[in-house]
Amino acid sequence: MIHSTLAFFTPLSGGSPNANEEDSLYKITLAVAAVIFVLVEGGLVYALFRFRARKGAVPAQIRGNTRLEVSWTVGAALILLGLAVVTFAKLGSIQDPPNSSPGGAPAVASDGSRLYASAQRRLPPNGKSLNIHVVGRQFVWQYFYPGANEPDGLGAPYSYEEMVVPTNTTVTLDIESSDVVHSWWVPELGGKFQAVPGYHNYTWFKVLKPGIYRGQCALICGRGHARMIATVRAVPPAQFEAWLANQKRLIAQANAAAQVARKKLGSQVGAGQVENP
Ligand SMILES: [Cu+2]
């Protein structure tokens, strides 16, 4: 009961270690705030009853209390300092991706450097992660997976809306936009990151349990914004490889069909006479 009530007030987590760290940091701050809230409101309610106006009574006229004022200023400063220390102590485990776990997919090293906005690209200690390129556009998320230079000539395999990832594998995201500013956010997998045209923003997650993690573009980007959902489906590494291979097959098929259609269009006579198929 307490746990579910608390969950209502705290961030979603459980999908990735960074999301869990954010959640525990939030709970620490919430606990400190709750204690202060009870003390302040308790004092207020006590004073309301204890010192309520009575007929003919004149309240004590107090003009400052140096000791009290100094102590609540110092007390507040100490609480702030404590929260700052805890935050910085946890920041590393939120920002820095760890290595993949045993049983994770064979990690693919990510390529060269690019422009970055607020957050820098961070790699796990061993330098290996599965790097997925996230592109926001009105009004769909597109994901490019490693494999751009494979001999099949298909380029990087991609998917829309649903990102499929292997479990136990550190996944780094390279987030950008092809039109307006969007915001990538799957709450159970960590914080929000903006997709800004011309810039790259970096984050990561590592999903341990297979499952579906839901998100949504978190920055209003136009009339189709509400439909711009994002889903991350985590599956065991072998299943991920099979999915990726199938995705390539589908892309090859679609490319072949497009080629036939293009040829057909090219063979039609006269400009402007192209009919709808
Ligand atoms: Cu949007």
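When a ligand or atom number is given, it counts from 1 through the structure's own listing order. We number each residue from 1, following the sequence as shown.
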Undergrad: Can you name the residues that form a ring pair (Phe, Tyr, Trp, His ring centres under 6.0 Å) with W204, not counting sequence neighbours?
TA: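 Here no residue qualifies.
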Undergrad: Could you point out which residue of H133, M163, K248 forms a side-chain contact (heavy atoms from CB on, under 4.5 Å) with Y145?
TA: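 When H133, M163, K248 are each tested with Y145, the side-chain contact (heavy atoms from CB on, under 4.5 Å) holds only for M163.
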Undergrad: Tell me, which N, O or S atom in H225 is closest to the Cu ion (ligand 1)?
TA: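 It is ND1 of H225.
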Undergrad: Has R54 got more than 12 heavy atoms of other residues, nucleotides or ligands less than 6.0 Å from its CZ?
TA: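 Count over threshold, so yes.
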Undergrad: Please determine whether H182 has a backbone or side-chain N, O or S atom lying under 2.8 Å from the Cu ion (ligand 1).
TA: no
Undergrad: Identify, with sequence neighbours excluded, every residue that meets side chain to side chain contact (heavy atoms under 4.5 Å, CB included) alongside Q247.
TA: S159, W243, L250, I251
Undergrad: What is the SG(C217)-the Cu ion (ligand 1)-O(L219) angle, to the nearest 10 degrees?
TA: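 The SG/O angle about the Cu ion (ligand 1) sits at 80°.
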